[in-house]
Amino acid sequence: MGVMNITPDSFSDGGTLYANAAVDLGKVRATAQRMIAGGASILDVGGESTRPGATPVSVEVELQRVIPVVAMLGELGTIVSVDTRHAEVARCAIDAGADVINDVSAGADPKMIQVIAETSVGYGLMHMQGVPETMQQAPAYQAVVAEVHAYLASRVHACKLAGIAAERLWVDPGFGFGKTQQHNLSLLADLERVRVGQLPLLVGLSRKRLLGEITGRETSERVFASVAAAVLAVERGADLVRVHDVEATADALKVLAAMRAVALASAAP
Ligand code: 8Y7
């Protein structure tokens, strides 16, 4: 999954798809085509920064940013995911052709699950402790892996009660969303215990602060660490990785896939 931030202020690539304070659809298209050529099968479009401390934007602003991009990406033949916490944005994005809703609040908007249930899109549920404005002030857990798993299981249950088929869902531990360094690394090391039933696991570690803390590098210099993190995540069970550096990540994952193919063949009777 390639990250397409349609925001002037995202932590790692904010503003790069803007020209004269407006979304530049030509830049968006070129970036999307580069990501697809690099191996992305899903593009995740977001119009609201959820970085720690970010101030929320209005639904109107989010719609202005996201809807034209969703409509344009539909022509490229890729799976279009929309990163939103707002049911109204989800509804309009689905009408504009979105295939998937990536909800970092896992249905905090009381109308979100209903919107998803009334349509046939995929729906990603992510764990977050608190809200972006304050989530990194004092993250606290008794047992982070068990708590993240239990929370995601309860959100999956809510979706099923609303009539959303399990085949439409994925879950995500939400690296960096109300988590200390130790919480993040515990979740990565024990990723398989986060899974709910047989549902796919999505992991987003790309360029995140935890990689900066490990390497001492700024966001734009976190490509190598991000690629390592993506490989580790897939090796520990991730089915999808949300990344900025699609081509580099895809190459690295080809190495893992090649090793797995041989390991599988030699394990066969
Ligand atoms: C994640 C995410 C972000 C993540 C999912 C960033 C929108 C920060 N991180 N969605 N969104 N999982 N599902 O690194 O980890 O771009 S925003």
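Atoms considered below: every heavy atom in the structure, side chains included; atoms not considered: hydrogens, waters and symmetry mates. Note that ligands are numbered from 1 as they come in the structure, with each ligand's atoms numbered from 1 the same way.
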Check your understanding: Is the backbone of E247 close enough, under 3.5 Å, to the side chain of R34 for a donor and an acceptor to pair up by distance?
Key -> no
Check your understanding: Going by an N to O cut-off under 4.0 Å, is there a salt bridge joining E235 and R260?
Key -> yes
**Study point:** Ligand-residue contact atoms, ligand 1 with G204, heavy atoms, under 4.0 Å
**Key:** 15 (O)
**Study point:** Sidechain N-carboxylate O distance under 4.0 Å for R91, E118
**Key:** yes
**Study point:** Which of the ligand 1 atoms, numbered from 1, are nearer than 4.0 Å to a heavy atom of F177
**Key:** 1 (C), 3 (C), 9 (N), 17 (S)
Exercise for review: For ligand 1, note which part of V104 has a heavy atom under 4.0 Å away: side chain, backbone, both or neither.
Suggested key: side chain
Exercise for review: Assess K208 for proximity to ligand 1: is some non-hydrogen atom of it under 4.0 Å away?
Suggested key: yes
Exercise for review: With heavy atoms under 4.0 Å as the rule, classify the contact between R242 and ligand 1 as side chain, backbone, both or neither.
Suggested key: side chain
Exercise for review: May I ask you to test the W170-L240 pair for a side-chain heavy-atom distance under 4.5 Å?
Suggested key: yes
Check your understanding: Would you say T50 has any N or O atom under 3.5 Å from an N or O of ligand 1, going by distance alone?
Key -> no
Exercise for review: Would you please indicate if the ring centroids of H127 and F177 are separated by under 6.0 Å?
Suggested key: no
Check your understanding: Looking only at distance, does D172 have an N or O less than 3.5 Å from an N or O of ligand 1?
Key -> yes
Point to revise | ligand 1 atoms in contact with D83 (distance to a heavy atom under 4.0 Å) | key: 7 (C)
Check your understanding: Looking just at side-chain N and O atoms, do D103 and S105 make a donor-acceptor pair shorter than 3.5 Å?
Key -> yes
Exercise for review: Heavy-atom distances under 4.0 Å are what count here, so tell me which part of L202 touches ligand 1: side chain, backbone, both or neither.
Suggested key: side chain
Review point. If we ignore angles and hydrogens, is there a donor and acceptor under 3.5 Å between the side chains of H183 and T180?
Key: yes
